[in-house]
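Report on the following structure.
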Amino acid sequence: MSHSPPGRPAVRRLDPVLVDRIAAGEVVERPASAVKELVENAVDAGASSIAVTIAAGGRKLIRVVDDGGGMSAEDLALAVERHATSKLPDGDLERIDTLGFRGEALPSIGAVARLAITSRVPGAESGHSIVVDAGHKGPVRPASAQPGTRIEVTDLFAATPARLKFLKSDRAEATAVGEILRRLAVAHPQIRFTLAGEGSSSSGLVLPAETGPGSWLRRLVAVLGPEFGQNSAPLSLEREAFALDGHVGLPTFHRAAATHVHFVVNGRPVRDRLLLSAVRGAYADVMASDRHPVLALALTCDPALVDVNVHPAKTEVRFRDPGLVRGLIVSAIHEALRREGGRSSGTVAARTLESLRPAIAPVPASAAAERRPASLFARRDETAPSQPAGSGRPEEFERDFGRDLGSAPWEAREPDQAAYEGPPSAGGFGDGHQAQFSGDLALPSADQRVRAAEATVHPAEQHPLGAARAQLHETYIVAQTRDGIVIVDQHAAHERLVYERLKRERAGGGIARQILLIPEVVELDPVEADRLAGAAESLQDLGLVLEAFGHGAVLVREVPSALAGGSLRGLLTDVVDALVEGGADPLARRLDAVLSRMSCHGSIRAGRRLRPEEMNALLREMEATPFSGQCNHGRPTYVELKLSDVERLFGRR
């Protein structure tokens, strides 16, 4: 017989109540965790309506009422025992198809609070109830009850007061409860969810049950906001044993945090790093790195292909083939956004109109600065110093952009230059000069105005981005559409066009290169020069041919044709930055980042005066190029204002 060494306590079994309290530390870390466990049980019970009520952020009261299958007296007695569950009938952990399965939630909650359960099986004459107070289980008693289950948790963590010190304010805890409920509601649109509680920003949350065609989108609009429906694109894709459905927000419809990204795997809302990484990769070159998309994706597969038993909170999953899942998500999002072409979020126009509305009170100088026209695009000019107004030469534009227009399928629809060079009285201000009026101003009649408008409607106005009418500050193109106006940031738009063109060339057999007549030596920081030399083979595939040239210098022999004539030093510096930022990213993503930086050097600069036909050529190519609604950095390339919106600005509506 062995004995413990002197001064060392012997090994013993823990008290069952203490075991439950330890388990509660893993399962119930805050009120929102308890709500999640209870609501998931209601979903598994087949409920069509789930009502949640909280008080003091859930510390004082959590009440969950559902109309599901209910529990008998025997079920109630076992439900509050550890590791008792009805959700693993064959004990197979490889094929879990329910939200809950551990059998720990109810006893864990009962160990740190007062837990009262009243339940009735549909068709039974009466219900039953049981109370667990700080781990001490009471008897099962008959009780009057509606079909379904009613659970009340009061004085959460009263049995473990130290845990209360780690809780946040009541409002913050209530907000967390609301977030949990919304994520479950996104995963189960067929269920009605309600949340009530005093002093909570989530008070009065009511999400009706959605059924029939379009039910999921209606639920997403209710959770993510009414703007989501107009600024999202549907997707659906199957690959091998996985099926992906969802709605993804346009790149210019984004948020500062990832709280509006929803993933559902086999009906389970999850927060998975693999899925989030795939989404970030899909939006990598259409959204700024500090912004996050708004979307909801539902992935369905055989339960044997995904392990949900990774973490006690059951919010993380592990896939048998993570590469397949990642590729599926990236491909589906790319295809959905590509179908939308260059469509930009309607919220961009809304922000623009808000900035244009006259202020009721005097506006501080700092706020007034934010309302300048340039702020509509939130531009941070990353280009070389602008040329003086009017310094841009037509041949430069044809070299950078216009030389490929001859083969464009929409060339036949290009407007005649004469349409833009007429006198100001005909409405043609495309030459950049302001109209001059002299003599008495004779106002035409209404009929004359209608006939004049019909006569001056140009075929180009039938295009989505309309016909160019003016250029402002040698930076912004103003176009007239059939029912409004469009303002285009010429540099941001052309940067996207050059980027997409370089990607097409790379995918089609290689980027066209131009050999430098005299190879140019570019001196750099020694570390930067070494990094470029080390990546020379990959850069050659991008049309940039260089080699090491002594200490702290590289010799450039060829450059992409689209970028010929630009500053090589600036180009190489940006390429180095892209390589560094890429870090451990896959090679394809790092090369896309390099192309994105390179395209900036082949774009029309802000401060460059364009001719009317050049502006219209830019608009037509934007319409034919995917993702042209935002530049490579995620900023909008154009703002569209409907005529009705402009009329409201002037009180005409």
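Quantities reported herein were computed from a predicted structural model and do not represent experimental measurements.
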Exam field: side chain [X] to backbone [Y], donor-acceptor pair closer than 3.5 Å:
{"X": "Asn231", "Y": "Glu227", "answer": "yes"}
{"X": "Arg219", "Y": "Ala185", "answer": "yes"}
{"X": "Ser232", "Y": "Val248", "answer": "no"}
{"X": "Asp67", "Y": "Ser48", "answer": "yes"}
{"X": "Arg271", "Y": "His262", "answer": "no"}
{"X": "Arg59", "Y": "Leu164", "answer": "no"}
{"X": "Arg182", "Y": "Val223", "answer": "no"}
{"X": "Asn266", "Y": "Cys301", "answer": "yes"}

Expected list for residues 122-134: side-chain donor-acceptor pairs under 3.5 angstrom, two or more places apart:
none

Exercise. Once the angle between the rings of Phe228 and Phe253 is folded into 0 to 90°, is it parallel (under 30°), tilted (30 to 60°) or perpendicular (over 60°)?
Worked result: tilted
Rounded to the nearest 0.5 Å, how far apart are [atom1] of [X] and [atom2] of [Y]?
{"X": "His334", "Y": "Ser331", "atom1": "NE2", "atom2": "OG", "answer": "8.0 Å"}
{"X": "Asp75", "Y": "Ile117", "atom1": "CG", "atom2": "CD1", "answer": "11.0 Å"}
{"X": "Gln146", "Y": "Thr149", "atom1": "CD", "atom2": "OG1", "answer": "12.0 Å"}
{"X": "Leu299", "Y": "Leu297", "atom1": "CG", "atom2": "CG", "answer": "8.5 Å"}
{"X": "Ile50", "Y": "Ile191", "atom1": "CD1", "atom2": "CD1", "answer": "4.5 Å"}
{"X": "Tyr283", "Y": "Leu250", "atom1": "OH", "atom2": "CG", "answer": "7.5 Å"}

Exercise. Which residues pass the salt bridge (Lys or Arg N to Asp or Glu O under 4.0 Å) test with Arg150, sequence neighbours left out?
Worked result: Glu152
Exercise. Partners of Asp285 by salt bridge (Lys or Arg N to Asp or Glu O under 4.0 Å), sequence neighbours excluded?
Worked result: Lys503
Is the count of non-hydrogen atoms from other residues, nucleotides or ligands lying under 6.0 Å from [X] atom [atom1] greater than 12?
{"X": "Glu238", "atom1": "CD", "value": "no"}
{"X": "Gln230", "atom1": "CD", "value": "no"}
{"X": "Arg141", "atom1": "CZ", "value": "no"}

Do [X] and [Y] come within less than 4.5 Å of each other through their side chains, counting heavy atoms only?
{"X": "Pro31", "Y": "Leu167", "result": "yes"}
{"X": "Val39", "Y": "Ile180", "result": "no"}
{"X": "Glu240", "Y": "Leu324", "result": "yes"}

Exercise. Is it true that Arg218 and Glu210 make a salt bridge, defined as a side-chain N closer than 4.0 Å to a carboxylate O?
Worked result: yes
Exercise. Any salt bridge between Glu316 and Arg318, counting N to O under 4.0 Å?
Worked result: no
For this session: State which residues pass side chain to side chain donor-acceptor pair (under 3.5 Å) with Gln630; sequence neighbours excluded, sorted by chain then number.
Result: none
For this session: Step by step, work out the side chain to side chain contact (heavy atoms under 4.5 Å, CB included) result for Trp216 and Val186.
Result: CA-CA 8 Å; Trp216 198 32; Val186 164; 4.0 Å; yes
For this session: Not counting sequence neighbours, which residues clear side chain to side chain contact (heavy atoms under 4.5 Å, CB included) with Lys60? List them please.
Result: Ala55, Ala56, Asp155
Problem set entry | Partners meeting side chain to side chain contact (heavy atoms under 4.5 Å, CB included) with Leu38 (sequence neighbours left out) | Ile62, Val64, Leu106, Ile109, Ile151, Val153
